[in-house]
Amino acid sequence: MERRTSWGSTTRASRVRLDAEHAWALVASARTGPQWYVDAAPFVFRGAVDRVALGRGRRWPVPDRPVLRPGDTAGFWRVLEAGPADDGHLLLLEAAVRAPGTVRLSTLVTPEGPRCCRVAQTVTFTPSGLLGRAYLLTDVPARETLMELVHRRVLRDLGRAAA
């Protein structure tokens, strides 16, 4: 697993023994039922924090179709991009949570030969105002933990499909 961290972003990337099209269909699935972008432990926790500490949080249902599309909402995410990109397929989500800035999660699935692909996930936080900049200073450990757990969840889901 490849790991990268900078001030505002954290990335995890792994090579997966699954063709890119199949991996994309699983990563961007919009079917009813468990979906990593809704029920991965860090997202469940974050939704609970928003609801308990700050009032009613977002809990949009998954759209129930083959894959997500731009404009969809699911969990507390808004889908900004979903589909072909220059080097594969990109899913770009923006969190509708109470934070002093913008939280985005991108997942890029790129082919690496027959029955193999690379799955790279990056979470970014773009601060807004002084509070956002202060939040950014304390955010790195939480972002590292979030990305590690979310990426492992995605790899587990893809591993089940490959088996």
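These numbers come from a predicted model, not from an experiment.
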>> Side chains of Ser9 and Thr124: any donor to acceptor distance under 3.5 Å?
In response: no
> For the residue pair Trp36 and Phe43, does the interplanar ring angle fall in the parallel (under 30°), tilted (30 to 60°) or perpendicular (over 60°) class?
Replying inline: tilted
> Hey, does Val123 have a side-chain heavy atom less than 4.5 Å from the side chain of Val103?
Replying inline: yes
> Do Ser29 and Gln35 come within less than 4.5 Å of each other through their side chains, counting heavy atoms only?
Replying inline: yes
> Between Pro111 and Gly88, what is the shortest heavy-atom contact and its length?
Replying inline: CD-CA, 4.2 Å
> Does Val38 belong to the same Ile/Leu/Val/Met/Phe/Trp/Tyr cluster as Val154, with side-chain heavy atoms less than 4.5 Å apart forming each link?
Replying inline: yes
>> Looking at every non-hydrogen atom in both residues, tell me the closest pair between Thr122 and Met147 and how far apart they are.
In response: C-SD, 4.3 Å
> Side-chain contact, heavy-atom cut-off 4.5 Å: Glu94 with Val79?
Replying inline: no
>> Counting only heavy atoms not in Asp86 (residues, nucleotides, ligands), do more than 12 fall under 6.0 Å from its CG?
In response: no
> Residues two or more places apart in sequence or in another chain: which of them pass side-chain contact (heavy atoms from CB on, under 4.5 Å) with Glu148?
Replying inline: Met1, Arg3, Arg12, Arg152
>> Using a strict threshold of under 4.0 Å (side-chain N to carboxylate O), is an ion pair present between Arg78 and Asp72?
In response: no
>> Please check: side-chain N/O of Tyr37 versus main-chain N/O of Ala28, any donor-acceptor pairing under 3.5 Å?
In response: no
>> Does anything in residues 21-37 form a salt bridge (Lys or Arg N to Asp or Glu O under 4.0 Å)? List the pairs, not counting sequence neighbours.
In response: none
> What residues form a side-chain contact (heavy atoms from CB on, under 4.5 Å) with Leu149, not counting sequence neighbours?
Replying inline: Pro42, Thr145
> How long is the span from the OG1 atom in Thr107 to the CG atom in Leu92, to the nearest 0.5 Å?
Replying inline: 9.0 Å
>> For a 4.5 angstrom cut-off between non-hydrogen side-chain atoms, does Ser14 reach Glu2?
In response: no
> Do Pro84 and Trp24 have side chains that get closer than 4.5 Å, going by heavy atoms?
Replying inline: no
>> Are more than 12 heavy atoms, taken from residues, nucleotides or ligands other than Arg17, located less than 6.0 Å from that residue's CZ atom?
In response: no
>> Using side-chain heavy atoms (C-beta onward) and a distance below 4.5 Å, is Ser106 in contact with Leu91?
In response: no
> Do Thr11 and Thr5 touch side chain to side chain, with heavy atoms closer than 4.5 Å?
Replying inline: no
>> Using side-chain heavy atoms (C-beta onward) and a distance below 4.5 Å, is Leu155 in contact with Val16?
In response: yes
